[in-house]
Amino acid sequence: MPAVSKGDGMRGLAVFISDIRNCKSKEAEIKRINKELANIRSKFKGDKALDGYSKKKYVCKLLFIFLLGHDIDFGHMEAVNLLSSNKYTEKQIGYLFISVLVNSNSELIRLINNAIKNDLSSRNPTFMCLALHCIANVGSREMAEAFAGEIPRILVAGDTMDSVKQSAALCLLRLYKTSPDLVLMGEWTSRVVHLLNDQHMGVVTAAISLITCLSQKNPDEFKTCVSLAVSRLSRIVSSASTDLQDYTYYFVPAPWLSCKLLRLLQCYPPPEDGAVKGRLVECLETILNKAQEPPKSKKVQHSNAKNAILFEAISLIIHYDSEPNLLVRACNQLGQFLQHRETNLRYLALESMCTLASSEFSHEAVKTHIETVINALKTERDVSVRQRAADLLYAMCDRSNAKQIVAEMLSYLETADYSIREEMVLKVAILAEKYAVDYSWYVDTILNLIRIAGDYVSEEVWYRVIQIVINRDDVQGYAAKTVFEALQAPACHENMVKVGGYILGEFGNLIAGDPRSSPLVQFNLLHSKFHLCSVPTRALLLSAYIKFINLFPETKSTIQEVLRSDSQIRNSDVELQQRAVEYLKLSSIASTDVLATVLEEMPPFPERESSILAKLKKKKGPGAVSNHLLKTRKACLTDIKGISTPSPSADLLGLRAGPPVTAAAPSAGSLLVDVFSEAGVNDDGFLRFVCKNNGVLFENQLLQIGIKSEYRQNLGRMYLFYGNKTSVQFVTFTTTLNVQAKPVEPLIEGGAQVQQVINIECLTDFSDAPLLNIKFRYGGALQNLTLKLPVTINKFFQPTEMASHDFFQRWKQLSLPQQEAQKIFKANHAMDTEVLKAKLLGLGMALLENVDPNPENFVCAGVIQTKAQQVGSLLRLEPNAQAQMYRLTVRSSKDTVSKRLCELLAEQF
Amino acid sequence: MQFMLLFSRQGKLRLQKWYVPLSDKEKKKITRELVQTVLARKPKMCSFLEWRDLKIVYKRYASLYFCCAIEDQDNELITLEIIHRYVELLDKYFGSVCELDIIFNFEKAYFILDEFLLGGEAQETSKKNVLKAIEQADLLQEVRHMCFLKICRISVLTQ
């Protein structure tokens, strides 16, 4: 049967599509499309009422045009009209158009919801399914509001057709994902769980996705699903390949359902009931046994479906992490796959083994495959498989094999794909640090790393080697000797010069006894690289030179000569020039004692979390850091015990805060550490001030703007500090504020700072921040800059302490829908309680303890003082660590205030 | 599953289904990036790759690439078979399906997909039941015959 005779051909549509296909150029296509759009528009606008068929055809054409990538700005109304047609295909096209093209803000949503409501109550199963598909496809909040109450009823009603139940289950899942707060299962919970027992396999297949998602969020309410899932799984696993008829796929009984069942069980710990657990272990053993049986078909679909179940079963075994026997069997099975001829299986085996490596029961078993994995790293032709092999090596590394693995990874780095080099470098650096028994091996490894892949060695890596060398005096001499040797290479990476400069500046004296590395030889070696380096490295080298003067008085005149040369003391770069001038002066006027104190050896760095580890975590995304499930491959990257001591203030660079500087040597500390400070780039400067009052609002190459502000009641005062970072004057410096401000000095000398004071009075509540426009001339060029001044409504908060009872009473009083604003958002930062508290306090409200029954939640209260009125506000923040989400609810006596506070705060956590 | 894309060897998008809310601009950007990435891969390479924080599962059938984006805890192999089952459904419905069928009857391709997957999850995995739903719908509509010449039919399943 020719396919196109099936269904309804829309001849006009087919002709249009083939016209488009025949277009020789993009221009011709656009021309044809515009012609068609004009035609459709005139048809829609014409006086003659269109029949359903034509309407359907034109709507379908518009849809086709949209799917080609063109914008469509009309036809929505006609599509909505189709929804109320009695002809199935017309309705169907209408729904398709809506699903693809209507965004949730559309004004049409009310009409659409109306049509959906009619179809849902039509009792015609095909219409009901269409309506449910549409809700599932659009999944907007408006739809959730309209239908989240109705759909559970349809799902569990006794007289609902199976196909409708299936759609209802997944429709609800989609709504739950977009608006979890609106989908309340409550009384339906147990009936939904019992869908796992449904006779119809399709209903179980659909319902289980919903149950899995709900179980992840409310494990306790759904925990009865465990025993039901186990018995269902057991029935499938023990059935013959033909028992399940159409649900058997290439001789594998119900593979999709099996995978989903195994996935659901991963939301829970091993079953406590002995019988249930025994049955489950039996299932898992059967699945492992089946893997050894000869295949029932040569088709790849057969082995894929079978292995999909096997991998899901292994995931569950790893998740339980309590059955040594099963873990070792899983590991052996994966070991077989490591050498399978199917690339897909090798890939998945490497991936899955990565998580096995983190279990104490199977770690040793995984390690036996080291040679195969190293071989994979060397010979796999597909970079994504090699990447998995590298991940697995990283995961299986421990003290016993660290040297071998690090060596293999280093040698792989020489030819590694550019896309994965940086990550590889970080991993090597972490392993080298973590498993260093003697630190000379660590130093060698890192220097090798810089030699092989210098471009990919991020700052964190070389900061860390310096931290470690400074903190461990047993390796300092070796480090000095090794960098000295490494610097002998005619071409060495700039990162090597940085490490070399720093280490010789501190510990060059340890190798100065050898005439081959006498002070002058060391200095000349470093200085021979100077001209090839960038400004930050040169600045670091200048600091190393002044340290040399202290370490080796005999180099003083040579170094002073260098500092005095025009290329230093008149360098066009202000930083280099300043250092040259200051160091020269310091070396000539300070007495040896003063010099020795100022340039004393750096004190040890405080032990903190490795900055490299933090970097790797950051690369892997915020979710990976706190993901405590050992399941995921990513999680094992963070499973590094011993060095993770998260502190609330942990910045990415363990080094950036600098060592504690002793009172006697303040300048030494800052002189050498300032190389590391980095200009804070803050195009989001505004939002950073919601919870704090002082700091740097803006900074670029030329200008730094600092802010200090204080607020009382409805008044505030803000000090703005404009710092000229260059050596050249800024002239005609003006700032304009879209509110009144005192004028500022029109001239800022090079390196100088001027101050401006702004007095602020809050008259009424507001959303938009005042804008500050800054204009000045630097050199000849006019600079123009507009910034939002960080004045936000919360600055005028007066904290209000209250007891639990009062809080809830007031909360209830503010119950009008418009008084509440709520946002659910992903965490942008680590969900650290102390940090959260500090931010909420910075907000200006009172943080109320022992009010919320859930100790994880935060509640705050405060009154905003404006001249016109006082606005009482209550806030509740509910973190969900597992989902890495927050729900923020703000209630205020004024709706605009709730909304604004909610917007501001949603960006803070 | 977060989305499914069908595109030709020339990089032309034939079908797109999004199960997460994204702006049109993001959709276009993702499509462009992914089509490029997948087309650049050699035939014998593995069917899975990491992309941003998602896992991509793809398979080529004749001139068409089927490409799904799944989340970290989702199963790659079963997704590969989701693709295959969808191809089988198309094949059965159109009668040895080819790219042209999907171009000219794109709306049908969407309808079949909606019966099979909903909200990114398998709704009905039985081939018979899915086709029954679609054919019932076909029976409900007025029958219009149309002749259309199909040239160079290359069946997708006989790759």
Side-chain angles (χ1 to χ4, degrees), chain A residues 1-9 11 14 17 21 60 63-64 67 69 87-89 92-93 96 126 133 136-137 139 163 166-167 170-171 173-174 178 201-202 205-206 209 246-247 249 255-257 259 263 301 304-305 307-308 311-312 343-344 347-348 381-382 384-385 621 623 631-632 634, chain B residues 13 15-16 19-21 24 28 41-42 44-50 53 72-73 75-78 80-82 84-85 93-95 97 101 103-108 110-111 114-115 118-129 133 136-138 140-148 150:
Chain A
M1 178 170 45
V4 275
S5 72
K6 266 196 175 182
D8 61 329
R11 184 156 173 73
I17 294 176
R21 283 176 53 76
C60 212
L63 186 58
F64 180 78
L67 290 170
K87 292 217 176 82
Y88 184 79
T89 49
Q92 203 181 18
I93 294 289
L96 180 60
T126 46
H133 292 178
N137 283 327
S163 60
Q166 285 165 278
S167 301
L170 293 174
C171 185
L173 170 63
R174 174 70 196 264
T178 24
M201 294 280 271
T205 308
S209 297
D246 213 32
Y247 289 92
Y249 179 82
W256 284 281
L257 182 52
C259 284
R263 175 88 198 87
Q301 283 77 26
N304 277 351
N307 291 328
F311 275 105
E312 207 60 65
T343 314
N344 287 347
Y347 177 97
L348 294 175
R381 277 188 296 178
D382 184 346
S384 34
V385 186
K631 252 219 87 242
T632 64
K634 285 162 191 168
Chain B
L13 191 59
L15 182 141
Q16 44 176 320
Y19 298 111
V20 283
D24 287 343
K28 281 185 184 162
R41 291 176 63 86
K42 297 191 186 76
K44 286 282 168 201
M45 283 187 166
C46 97
S47 312
F48 320 124
L49 53 127
E50 278 194 337
D53 53 349
D72 195 52
Q73 69 275 16
N75 189 313
E76 290 98 337
L77 284 174
I78 208 73
L80 212 48
E81 294 319 299
I82 290 234
H84 188 76
R85 173 102 308 173
Y93 181 77
F94 288 109
V97 65
D101 291 316
I103 296 171
F104 281 96
N105 302 284
F106 69 96
E107 78 284 9
K108 292 280 185 252
Y110 280 96
F111 298 148
D114 268 353
E115 292 293 340
L118 195 60
E121 298 282 339
Q123 174 177 216
E124 177 54 84
T125 59
S126 150
K127 200 154 67 174
K128 241 191 323 208
N129 289 354
Q136 257 178 357
D138 279 343
L140 281 170
Q141 74 204 0
E142 66 277 76
V143 183
R144 268 169 208 268
H145 285 282
M146 188 196 81
C147 296
F148 191 78
K150 272 198 212 169

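Every chain is numbered from 1, with letters handed out A, B, ... down the list of sequences.
- In terms of heavy-atom pairs under 4.5 Å with chain B, the best-connected choice from A:Leu173, A:Thr343, A:Leu170 is A:Leu170.
- Contacts between B:Lys28 and chain A at a heavy-atom distance below 4.5 Å involve the side chain alone, from C-beta outward.
- With a threshold of 4.5 angstrom between heavy atoms, A:Leu67 approaches chain B through its backbone and through its side chain.
- Interface residue B:Arg85: backbone and side-chain heavy atoms are both found under 4.5 Å from chain A.
- The aromatic rings of A:Trp256 and A:Tyr249 stand perpendicular to each other, their planes meeting at an angle above 60°, with 30° marking the opposite boundary.
- Remark: the backbone N or O of B:Gln16 is paired with a side-chain donor or acceptor of B:Tyr110 at under 3.5 angstrom.
- With chain A as partner, the option from B:Gly119, B:Ala133, B:Ser47 having the largest number of non-hydrogen pairs under 4.5 angstrom is B:Ser47.
- With hydrogens and angles ignored, the 3.5 Å screen pairs no side-chain donor or acceptor of A:Asn344 with any backbone N or O of B:Cys46.
- Heavy atoms of B:Glu76 lying under 4.5 Å from chain A belong exclusively to its side chain.
- The main-chain N or O of A:Gly139 is found under 3.5 Å from a side-chain atom of A:Thr178 such that the two form a donor-acceptor pair.
- Among B:Val20, B:Leu118, B:Ile82, the residue making the largest number of heavy-atom pairs under 4.5 Å with chain A is B:Leu118.
- Heavy-atom distances place both the backbone and the side chain of B:Ile78 under 4.5 Å from chain A.
- By the 30° and 60° cut-offs, the orientation of the rings of B:Phe48 relative to A:Tyr347 is tilted.
- For B:Leu15, no part lies under 4.5 angstrom from a heavy atom of chain A.
- Interface check for chain B: of the options A:Ser163, A:Ser167, A:Ala136, A:Cys60, the most heavy-atom pairs under 4.5 Å are formed by A:Ser167.
- B:Gln123 places no side-chain N or O within 3.5 Å of a backbone atom of A:Ala206 that could act as its donor or acceptor partner.
- A distance of 13.0 Å separates CG of A:Asp382 from NZ of B:Lys44, quoted to the nearest 0.5 Å.
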